[in-house]
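Only one structure is covered here, and it is reproduced in the block below.
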Protein chains: 2
Amino acid sequence: MRRPLSPSDRRILRTLQNEGRITNAALAEKVGLAASPCLRRLKALEDDGIIEGYRAIVSRKALGFTVEAFVFIKLEQSEPGWRTRLVERLKDYEEVIACHALAGEVDLIVHAVAKDIESFGEFTMNRLLTLPGVADVRSSFVLSNIKPMAPIPVPDH
Amino acid sequence: MRRPLSPSDRRILRTLQNEGRITNAALAEKVGLAASPCLRRLKALEDDGIIEGYRAIVSRKALGFTVEAFVFIKLEQSEPGWRTRLVERLKDYEEVIACHALAGEVDLIVHAVAKDIESFGEFTMNRLLTLPGVADVRSSFVLSNIKPMAPIPVPDH
DNA sequence: AGTGAAATGACCATAAT
DNA sequence: ATTATGGTCATTTCACT
């Protein structure tokens with residue numbers, strides 16, 4: 001798939017996880033390279049799928065999302081086809097900012113946002129509980145973001 | 001705090017959540033502005049804290065993190081000081097890529113990565129369970145990322 | 001619109017394999 | 001010799017006033 005990451009690659013990854021929009025010139029300076037090799041490495045990291053993309057981090061509050069919650073879903077045992085369709089529906093809900101399938105008690109964990117508690121209620125009642133295949137839905141509101149979206153650690157080798 | 005977001009602002013926010021490293025020139029074209037006003041709006045969004053930052057999204061697998069899990073922590077009732085220190089320790093663990101305080105059964109939810117199951121075991125056994133104030137630790141491995149880190153929806157008004 | 005800075009590509013140098 | 005590294009320079013494009 002790919003040769004191992006060089007120390008420069010690792011420094012690039014560390015920097016870009018914290019300053020995703022830094023100019024290549026500044027990035028090069030920070031990681032101790034000239035601009036041109038730095039850009040070459042950056043492009044290679046992108047082409048190889050090691051950097052999957054770049055994202056602006058937008059304030060939820062500024063957009064009016066005052067409610068954040070985790071929803072724990074248990075599924076009924078059913079044909080796999082149902083499960084696939086259910087999961088597709090979940091993905092389409094824009095309140096869902098992340099969703100993972102879990103091993104264990106709970107089958108799915110949904111990270112959701114909403115403008116207020118009422119619209120969150122509407123979401124869980126009308127759009128989650130009603131999905132065919134859902135056996136149980138349990139929500140916990142987020143009280144505080146202790147560590148929101150930290151970078152993936154980039155080990156030295 | 002701020003005047004309401006203009007339609008252009010909203011288009012900028014939508015675009016930058018998907019292409020955080022797009023050039024201002026390309027962004028301007030995409031949102032239907034000239035470069036100069038687009039840049040002014042972008043700076044204003046940054047200055048007002050609506051855009052909190054930018055991040056490269058790095059492949060966990062490419063960095064050798066094959067294990068991803070959610071850890072559900074219940075705390076003992078104890079003086080608030082303990083809780084603060086516990087939470088600080090949690091933040092310092094680099095395996096912890098996100099952590100939130102929850103209302104309900106579970107007090108804390110920890111999103112963690114590890115190189116393999118063994119090192120994840122070491123993490124939970126030696127570094128989570130041993131924290132003073134922790135009453136219960138329960139982990140669920142992530143089987144699949146159904147919707148990993150989606151953008152915050154930007155409503156039309 | 002204009003000026004200085006950045007991005008980008010062609011090409012060269014060095015070292016390790 | 002080949003591969004991986006990094007650098008320099010010249011040109012185009014962009015950022016910013």
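Remember, predicted model here, so these are calculated numbers, not experimental data. First the proteins, then the strands, lettered A, B, ... as listed; each starts at 1.
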(request) Say whether, by atom type as modelled, one donor and one acceptor occur between the side chain of A:Arg60 and the main chain of B:Ile152 under 3.5 angstrom. (result) no

(request) Evaluate the side-chain proximity of A:Glu76 to A:Val134: yes if any heavy-atom separation is below 4.5 Å, no if none is. (result) no

(request) Scan residues 21-31 of chain A for pairs that pass side chain to side chain donor-acceptor pair (under 3.5 Å), counting only residues two or more places apart or in two chains. (result) A:Glu19-A:Lys30

(message) Distance check needed: C:dT8 P versus A:Asp47 CG, whole Å only.
(response) 12 Å

(request) Please report, rounded to the nearest Å, how far the P atom of C:dA7 is from the CG atom of A:Leu33. (result) 14 Å

(request) Can you sort out which residues in residues 13-32 of chain B have a heavy atom within less than 4.0 Å of DNA chain D? Ascending by number, please. (result) B:Thr23, B:Asn24, B:Ala25

(message) Give the residues of residues 34-42 of chain B touching DNA chain D, defined as any heavy atom closer than 4.0 Å, sorted by residue number.
(response) B:Ser36, B:Leu39

(request) Can you sort out the partners of A:Ser8 under side-chain contact (heavy atoms from CB on, under 4.5 Å), two or more places apart, ordered by chain and number? (result) A:Ser6, A:Arg11, A:Leu33, A:Arg41

(message) Using a 4.5 Å cut-off between side-chain heavy atoms of Ile, Leu, Val, Met, Phe, Trp and Tyr, which other residues end up in the same hydrophobic cluster as A:Leu143?
(response) none

(request) Would you please indicate if the ring centroids of B:Phe72 and A:Phe72 are separated by under 6.0 Å? (result) yes

(request) Indicate the ring-plane relationship of B:Phe70 and A:His100, choosing parallel, tilted or perpendicular according to the 30° and 60° boundaries. (result) tilted

(request) Considering just the side-chain nitrogens and oxygens of A:Ser8, establish if one lies under 4.0 Å of OP1 or OP2 belonging to D:dG6. (result) yes

(message) Could you work out, with ring pair (Phe, Tyr, Trp, His ring centres under 6.0 Å) as the rule, every residue matching B:Tyr93, not counting sequence neighbours?
(response) B:Phe123

